[in-house]
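Worksheet: one structure, shown below.
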Amino acid sequence: MARHLITSALPYINGIKHLGNMVGSMLPADVYSRYLRQRGHEVLYICATDEHGTPAELAAKEQGLAVDAFCAQAHDAQKAVYDGFALAFDYFGRSSSRQNVEITQHFARKLNENGFIEERAIRQVYSPADGRFLPDRYVEGTCPHCGYDKARGDQCENCTRVLDPTDLINPRSAISGSTDLEVRETKHLFLLQSKLQHEVEEWVARHEEEWPQLAASIARKWLTEGLHDRAITRDLDWGVPVPADTWPDLAAEGKVFYVWFDAPIEYIGATKEWADSAPDGETRDWKSWWYEADETVRYTEFMAKDNVPFHTVMFPATQLGVREPWKKVDYVKAFNWLTYYGGKFSTSQKRGVFTDQALDILPADYWRYFLIANAPESDDSSFTWEHFTATVNKDLADTLGNFVNRVLSFSKKRFGEEVPAGGEPGEAETRLGEEIASLLAEYETQMEALQFRKAAAALRALWSAGNSYLEEKAPWLEIKTDKDAAALTLRTAMNLIRLYAVVSEPFIPATTAAMRQAFSLADDTASWVTPEEARALTAVPAGTPFTVPPVLFAKLTDEDLEAYKERFGGEPQAA
């Protein structure tokens, strides 16, 4: 079986993430990782918190904490939420780790040796009151385009226009609030991406036909516009230090690498963290996943569209310039936006549903299924409470949950707590087996293609097939005239429940665990269902003890809907 390296875009350390962030990277990566593991592949799913940059320093300042203490607390808080969503990372690291510092500095030295880094003088905002140069996000003021008075020096969040700190009207320091600002000359390191343009174009050309249209078009747009040399250092207290053995003057000034230089390298750094954290007696070879691994590893990245340029153009340029055989991405699964009633989720403005709030309301599987079934793949999709409650009630509560409950409850009532025997399968069971095998093949095809909405539709069709079979056979009527026929129907339906428990696990792992545990099967180690097993539906034989699990999914009422809308708002501006 293939070895699959999977990464999802690093969540920024500044605050708990919203549902759009979850569905745009980490959740689909988890679903795919779980599926591949079930199919017998060796999988390494790596993620980490992205901890450098000005927002981390500003957030720490707001909370009165040292930035390292703030990041440690925020990392643990985010990890707790992701554990709540049952994200099965093999390792969830930190970009501030010693390993990432070492590898980032190694990359910088190699790029410099190969002529792809240059020291340049630039003019930058300086605050005498703070005694320091101010990176772009440390300068705030009024946007010259829309008049928003809290625009940052890199971008106005209100109108989204890209800015330079010197564009702002009435600029002020985000640290002290001082308006006594100057423009002075300082030196920074620039990555000479312009010299790597041709190599990046050739690399993208070899991969873009396989990538989704969204990822390929964004990469091609950036290449068409041309790669520009980019400053990769900042004047910050927190970050990967510029190594003094290579740039002593800049190191003495306290320069650190720009977050977008070191953050993608953290995929490698976190893998080394994973290896270094191996328990006693276990050896983990991190380099086999990243170094000279082109022929042995399939690397898939998951991210929202705003991260695509950095992962399809900028980081590959860095890897190419190092002139070492580091593994580059094979497949980029890019997502559009999940909106909240058509408006943007916003971490800074607390607009929309955030992941910790979601778990306060309902268990993770409700959210996991809804988000993947409505993943913004081909275009943006909108979260509304009306759509969420309708999906939960129709797909989860009625189609799957009600099927499981009524089959097991009715069988227990009429036949006791063991799977009934009944007669031999007939024409209806043969048709059902063929239908299930066909739908399972469709589900596998869509999962292999990373088409999550289509995979969810195929999974929903599998669940619906069981309901159709039950309605056709009507065991509540059969039992009045032919007890064996009713027993056969129920035994077949119980085998469907076990099949659903196995193949639905990537979407709803906690629920499928409860479904699988309902049957006291000895040595039930199956990780998937073969076409032959799907046709036969005999994995749960007659005489197997079973229990009726609690209600798998509670139906959401009109009162629930109104309560959610009152708490979060039914329109983005009211959230």
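What you see is a predicted model, and the numbers here were worked out from it, not measured in a lab.
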When you compare the side chain of L362 with that of Y564, does any pair of heavy atoms fall below 4.5 Å?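 Answer yes - side chains close enough.
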Are the side chains of N307 and W260 in contact, using a 4.5 Å heavy-atom criterion?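 Yes, at least one pair of side-chain atoms sits under 4.5 Å.
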Please check if the side chain of [X] supplies one atom and the backbone of [Y] the other of a donor-acceptor pair under 3.5 Å.
X    : Y    : answer
W211 : D330 : yes
Y12  : A56  : yes
S95  : E51  : yes
Y82  : M26  : no
T389 : E386 : yes
R516 : V502 : no
S527 : Q38  : yes
T399 : K394 : yes
E377 : F452 : yes
Y331 : H207 : no

- request: Mind listing the closest non-hydrogen atom pair of R137 and P55 along with its distance?
  value: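 Heavy-atom minimum between the residues: NH1-CG, 3.0 Å.
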Exercise. Just jot down the side chain to side chain donor-acceptor pair (under 3.5 Å) partners of T355, sequence neighbours excluded, or say none.
Key: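 Counting only residues at least two positions away or on another chain, T355 forms no side chain to side chain donor-acceptor pair (under 3.5 Å).
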Looking only at side chains, do [X] and [Y] share a donor and an acceptor under 3.5 Å apart?
X    : Y    : value
H387 : Y341 : no
T7   : Y299 : yes
W385 : Y340 : yes
R460 : Y443 : no
T511 : D365 : yes

Q. Does K333 count as lying over the ring of F335, i.e. NZ or CZ under 6.0 Å from the six-ring centre, within 45 degrees of the axis?
A.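 Geometry flag: set, cation within 6.0 Å and 45°.
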Can you tell me how the ring of F354 sits relative to the ring of H18, calling it parallel under 30°, perpendicular over 60° and tilted otherwise?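 Because their plane-to-plane angle is over 60°, the rings of F354 and H18 count as perpendicular.
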Taking only residues two or more places apart in sequence or in another chain, which ones pass side chain to side chain contact (heavy atoms under 4.5 Å, CB included) with K305?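 If we apply the side chain to side chain contact (heavy atoms under 4.5 Å, CB included) test to K305, skipping adjacent residues, the hits are L214, I218, N336, W337, D380.
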Taking only residues two or more places apart in sequence or in another chain, which ones pass salt bridge (charged side-chain N to carboxylate O under 4.0 Å, His left out) with [X]?
X    : result
E471 : R406
E427 : R431
D560 : none

Strictly by ring-ring contact (aromatic ring centres under 6.0 Å, His included), give each pair with a member in residues 389-420 just once, sequence neighbours left out.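 Qualifying pairs: F403-Y500.
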- Query: Does the side-chain contact (heavy atoms from CB on, under 4.5 Å) test come out yes or no for L10 and F92, once each step is laid out?
  - Reply: CA-CA 10 Å; L10 309 186; F92 187 70; over 6 Å; no
